[in-house]
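Here the structure comes first, spelled out in structure tokens, and everything after it is commentary.
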Amino acid sequence: MSKKYLFPYELIEINWRFWTFLVMIAVGIWAVISFPVAETAGYIDPFYSPTVAILPLPGLFRLTCYAYRKDYHRHLFNHPLGCSNTSRGENHQQMYTGERNAFFQLENYHRYFLYAGLAILPFFYYDFYHSLVYSGSFVLRLGSLVLLGNALMLTAWTLSCHAFRHLIGGNVDCYSCAYGGNARRSLFGIQSWWNKHHEALAWTSLLTIIFADLYLRALQAGLPVDFKIV
Ligand code: FES
């Protein structure tokens, strides 16, 4: 039987996630359209890495991520509210049509956007390296650690992707018969552990990329947020 009323704590949870989602999307859009300076004191802004021109592809990779889909389908479009909501099966008007209609067909291409996500990962590590040697000699500053933390979180999020899980071993029926069977089985086991935390990684990596961008903007504004460590 479908549930008509929500308990107060469920309303709080829905509102919390809904507003978090909207605020993060708004900050992300603002970070891009306000055009950050590409490089500040040897730090390359993550929104410019490798170049702002290809940003739509990793942007679509994130937009079609299952972790965000769950939130915008449930909390933004109210459609579907959840798997336990049986009313969508009883009422044709409420049947789940995401992934088949208009804009939501894009979600089907998530597995292809994954390649763009994988391709840009090395650039974030290059940016970290560049920040260490930009002055001609080695120097480790707080900002380099911010860039490294962002690169690691983006890597953890990308490699824990459900599409990546399918790519490395999820599409294999018999590991002993498949090419590189044992290695793929081991990889699949490791990735499965990360995959369980994919939603948390999706949100944390969104926070770290926004934080890295804001950190560099604070530097550009002349705020004393950076210091030399080594
Ligand atoms: Fe989240 Fe692929 S499912 S990045």
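Along the sequence shown, residues carry numbers from 1. Read the numbers this way: they start at 1 and go in the same order the structure lists the ligands and their atoms. Excluded from the calculations below are hydrogen atoms, water molecules and symmetry mates; all remaining heavy atoms, backbone and side chain alike, are included. From a predicted model like this one, the values you see are computed outputs, not experimental measurements.
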### Message
Treating T158 as the side-chain partner and T155 as the backbone partner, does any N or O pair qualify as donor plus acceptor under 3.5 Å?
### Response
no

### Query
S144 and L140: which non-hydrogen atoms are nearest, and at how many Å?
CB-CD1, 3.9 Å

### Task
Have a look at ligand 1 and work out which part of W157, if any, has a heavy atom under 4.0 Å from it: side chain, backbone, both or neither.
side chain

### Task
Decide whether I120 and L201 are clustered together by the hydrophobic rule: side chain heavy atoms of Ile, Leu, Val, Met, Phe, Trp, Tyr closer than 4.5 Å, transitively.
yes

### Query
Under 2.8 Å from atom 2 (Fe) of ligand 1, how many protein N, O or S atoms can be found?
2

### Query
Hey, does the side chain of D45 reach the backbone of A38 with a donor-acceptor pair shorter than 3.5 angstrom?
no

### Summary
So disulfide bond (SG atoms under 2.5 Å apart) across residues 169-200, not counting sequence neighbours, yields C174-C177

### Task
Taking the six-membered ring of Y66 (Phe, Tyr or Trp), confirm whether the NZ or CZ of R69 is under 6.0 Å from its centre and within 45° of its axis.
yes

